[in-house]
Protein chains: 2
Amino acid sequence: MFSIGELSKRTKVKVPTIRYYEEMGLLAEAERTSGNQRRYDKAGLERLSFIRHARDLGFSIEAISSLIELQDHPDRSCEAATNIATSQLEEVRAKIKRLKTLEKELSRISKGCDGEGVSEDCYVLASLADHNLCDREH
Amino acid sequence: MFSIGELSKRTKVKVPTIRYYEEMGLLAEAERTSGNQRRYDKAGLERLSFIRHARDLGFSIEAISSLIELQDHPDRSCEAATNIATSQLEEVRAKIKRLKTLEKELSRISKGCDGEGVSEDCYVLASLADHNLCDREH
DNA sequence: CTTGAACCTCTAGTCACTAGAGACATTACA
DNA sequence: TGTAATGTCTCTAGTGACTAGAGGTTCAAG
């Protein structure tokens with residue numbers, strides 16, 4: 001059994017965040033010492049590692065809640081879990097696509113002022129003011 | 001002179017968002033009718049278009065504030081504006097990089113349950129529980 | 001037994017909005 | 001000119017996923 005600070009160190013999740021996860025129902029309410037401090041065991045550590053890993057992968061608290069529920073009901077959980085992971089993957093791919101479009105425009109904009117040619121007005125500001133200067137939709 | 005609803009339609013920025021931008025100081029306080037309703041002109045429209053475009057590109061409200069300040073002080077604004085755009089570009093590139101790593105892992109995870117081989121336990125849940133199953137750091 | 005670090009709860013703040021309540025203004029049409 | 005519908009006003013509170021701080025209590029080391 002170890003304290004919340006120890007759990008924090010081992011999982012690299014900050015102490016207030018652990019308490020927040022408990023409040024949100026992601027972590028079961030921890031056992032307490034006679035002085036009301038939380039104590040955790042290996043199971044708590046593993047669950048928090050799971051949560052942290054999923055958060056790192058961009059899963060929402062809500063999605064993680066669903067995954068945790070699936071863990072507790074293993075029948076058909078595999079398909080449902082795969083669905084959640086797949087939709088997360090689709091979201092990530094959509095974000096990448098959008099960011100790549102932005103990257104193109106930003107790199108065009110931020111190159112504008114370096115060379116010669118544009119000196120009268122600021123090309124960055126003009127680009128932002130006038131969407132028509134964009135190469136494509138975004 | 002047109003109303004906030006008209007401005008909203010033309011810029012595709014929602015009415016409460018326009019009021020929010022005014023409150024945040026991105027938009028100058030609008031003129032008012034005798035009945036206290038906001039009225040805008042071409043200048044207001046252009047500034048809001050500028051803001052919207054910059055938000056679409058992921059600039060924070062704070063960064064946009066800086067850009068607007070630069071617009072009002074054109075001396076040396078070009079270099080400063082380019083710096084802001086360039087740092088925005090770097091952030092976007094960093095995000096893309098990170099998301100690509102996530103994409104790899106998620107696609108590995110969500111493919112796990114489809115084929116044969118893994119049937120005992122759910123591969124999605126196992127992958128999330130155990131970071132060691134990851135190919136690389138993330 | 002004392003000291004200092006760690007812990008507790010609670011409230012409020014972050015960012016960029018979004019939603020809703022309840023009241024007032026404007027506009028279109030009869 | 002009257003009225004009804006739509007638009008607008010301010011204000012407060014909610015979103016997600018935390019983070020920060022106040023003020024008080026408990027634990028572990030020496």
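Keep in mind that this is a model prediction, so the values were computed, not measured. A, B, ... follow the sequence lines: proteins, then strands. Residue 1 opens every chain.
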Between [X] ([atom1]) and [N] ([atom2]), how many Å, whole number?
{"X": "A/E22", "N": "D/dA17", "atom1": "CD", "atom2": "P", "result": "18 Å"}
{"X": "A/R52", "N": "D/dA17", "atom1": "CZ", "atom2": "C1'", "result": "14 Å"}
{"X": "A/I64", "N": "D/dG16", "atom1": "CD1", "atom2": "C1'", "result": "12 Å"}
{"X": "A/K9", "N": "C/dA5", "atom1": "NZ", "atom2": "C1'", "result": "11 Å"}
{"X": "A/L27", "N": "D/dC18", "atom1": "CG", "atom2": "P", "result": "12 Å"}
{"X": "B/I4", "N": "D/dT10", "atom1": "CD1", "atom2": "C1'", "result": "12 Å"}
{"X": "A/D56", "N": "D/dA17", "atom1": "CG", "atom2": "P", "result": "14 Å"}
{"X": "B/R39", "N": "C/dA25", "atom1": "CZ", "atom2": "P", "result": "13 Å"}

Exercise for review: Check whether any side-chain heavy atom of B/Y21 lies under 4.5 Å from a side-chain heavy atom of B/I61, and answer yes or no.
Suggested key: yes

**Study point:** B/I96 vs A/K100 side-chain heavy atoms within contact, under 4.5 Å
**Key:** yes

Review point. Does a salt bridge link B/K42 with B/E46, judged by any charged N lying under 4.0 Å from a carboxylate O?
Key: yes

Point to revise | Over 12 foreign heavy atoms within 6.0 Å of CD, A/E31 | key: no

Exercise for review: Cation-pi check, B/R10 to B/F2: give yes when NZ or CZ is under 6.0 Å from the six-membered ring centre and within 45° of the ring axis, no otherwise.
Suggested key: yes

Exercise for review: Would you give a per-nucleotide map of nucleotides 9-22 of chain C, 5' to 3', where B means the base has a protein non-hydrogen atom under 4.0 Å away, S means only the sugar-phosphate does, and - means neither?
Suggested key: B------BBS----

Exercise for review: For B/S34 and for A/E6, locate the closest nucleotide of DNA chain C by heavy-atom distance; then report the residue assigned to the nucleotide nearer the 5' terminus.
Suggested key: A/E6

Review point. If you take all heavy atoms of A/R52 and A/V13, which pair is closest and at what distance?
Key: CD-CG2, 3.6 Å

Check your understanding: Does A/T33 make a side-chain N or O approach to OP1 or OP2 of D/dC27 shorter than 4.0 Å?
Key -> yes

